[in-house]
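First the proteins, then the strands, lettered A, B, ... as listed; each starts at 1.
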2 protein chains.
Amino acid sequence: MSDLQAVEVAISPVEKFREYLATKAQRLTTERRFIVEEIFADHDHFDVDQIVMRLSQRDDGKRVSRSTVYRTVSALEEAGLLRKIARADGRDLYEHDYGYPQHDHLICRRTGKLIEFHSPELDEILQKVAAEHGFRMEGHRLEVYGLSAEACRPARRSYGKLDRI
Amino acid sequence: MSDLQAVEVAISPVEKFREYLATKAQRLTTERRFIVEEIFADHDHFDVDQIVMRLSQRDDGKRVSRSTVYRTVSALEEAGLLRKIARADGRDLYEHDYGYPQHDHLICRRTGKLIEFHSPELDEILQKVAAEHGFRMEGHRLEVYGLSAEACRPARRSYGKLDRI
DNA sequence: TTAGCTGCAAAGCCTTTGCAATTTA
DNA sequence: TAAATTGCAAAGGCTTTGCAGCTAA
């Protein structure tokens, strides 16, 4: 799905989170572990509601409250494991910021699909621009809007729109 | 404040809006005209609350309700006169998308200041990336985060943070 | 005259928070 | 055991909406 490669990570997200919590004398509870595992089970973008739903479908009957998911997602953001990337339908969208290289997105306005890409040249240009303004760059967010190849093509079978949401 | 130049516009924002409204059999009311004039009185970024406040301070006693401002801002967005650029403190931020050239922002995480810039090279790269993915680009949003020159310098007088908000 | 518009208040929604009970280290 | 955490429900805060009265064309 993506031509990006995972970055080498020494430790798992859960361990990374445990380290962060330790520095603040906070605890890695069962709930927090479940949430982190669920979030890092795949590399897709997500919003809080999706995680709450996925957790509610666990077969071991262990539930986690919505409040706790909100609180944990915030903590993960502070810990540098997650990054808020956008807002969709009034909700905040997040993506992994640990174990995954920096990248940007092409966003299809028809299907809503996100295509990731990374451009070293882009980085260079941003460095240059920042330097020209005496600005110390720490990061960036780039979203390119338009139509994906699939969305442009006339749909042959009911493919694209329907299967995707 | 900005080294960008205004784009040549044939007609005023209000007229442009009137044209748009005409295509949808909608009306340019006094309220809508006031709102557009207030929004395009300067080129600063704004949120709905700021416009509501500015309108409430008119000396001619003409008031416009918050609902109407929300509704009009949405219409202006659809009309292509405004663009939603970010979210700050839970509010949507807008900027002009008519009579002003495409540009991006350097955002100071300390002062919150927005520095505009435009890079033709950036456009080229985005065109290239989009082409590689068979993506038809229609626009983009780029925010570069970091520290502005002023924020890096030790504040001599109480300047920067305090005077700015 | 007749759609469309405005204001107001109420509702919607995502997100945050107070608090008592529970749990981790 | 003491401090941190959870769940629940309620509160927050921005934005949207239903509706009756008003108004542009």
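- Put simply, CZ on B:R27 is 5 Å from C1' on D:dA24, counting in whole angstrom units.
- Listed nucleotides: C:dT15, D:dC14, D:dA25. Nearest to the side chain of B:R91: D:dC14.
- Of the listed nucleotides (D:dT15, C:dC14, D:dG7), C:dC14 has the atom at the smallest distance from the side chain of A:Y70.
- Residues B:H140 and B:D123 share a closest heavy-atom pair of CE1-OD1, 4.0 Å.
- A:D47 comes within 4.0 angstrom of no nucleic acid atom, judged by non-hydrogen atoms across all strands.
- Listed nucleotides: C:dT24, C:dT17, C:dC8. Nearest to the side chain of B:R71: C:dC8.
- Between B:R18 and A:T72, it is A:T72 whose nearest contact on DNA chain D lies nearer the 5' terminus.
- Taking only distance into account, the side chain of B:S67 never meets the base of D:dT15 through a donor-acceptor pair shorter than 3.5 Å.
- Put simply, CD1 on A:I51 is 13 Å from P on C:dT15, counting in whole angstrom units.
- Spacing between atom CZ of A:R63 and atom C1' of C:dT22 amounts to 19 Å, rounded to whole angstrom units.
- At a threshold of 4.5 Å between non-hydrogen side-chain atoms, the residues B:M137 and A:Y145 do not count as touching.
- When atom types are taken as modelled, the side chain of A:R87 and the backbone of B:R87 share no donor-acceptor pair closer than 3.5 angstrom.
- The base of C:dT6 does not come close enough to the side chain of B:T29 for any donor and acceptor atom to sit less than 3.5 Å apart.
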inquiry  = Let's go through A:R63 and A:E31 carefully: what are the C-alpha distance in whole Å and the side-chain angles of both, what is the deciding distance for salt bridge (Lys or Arg N to Asp or Glu O under 4.0 Å) to 0.1 Å, and is it a yes or a no?
reply    = CA-CA 8 Å; A:R63 297 300 201 69; A:E31 289 84 354; over 6 Å; no
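- Look at CD on A:E31: it is 8 Å from P on C:dT24, rounded to the nearest Å.
- Residue A:D49 is out of contact with every strand shown, counting any heavy-atom pair closer than 4.0 Å.
- Whole-Å rounding puts the A:E19 CD to C:dA25 C1' distance at 18 Å.
- Proximity note for B:L28 (side chain, C-beta onward) versus D:dC8, D:dT15, D:dA25: the nearest is D:dA25.
- Counting distance only, with no hydrogens placed and no angle test, the side-chain atoms of B:R32 and the base atoms of C:dG4 include no donor-acceptor pair under 3.5 Å.
- One can place CZ of A:R87 at 11 Å from C1' of D:dG13, the figure rounded to the nearest angstrom.
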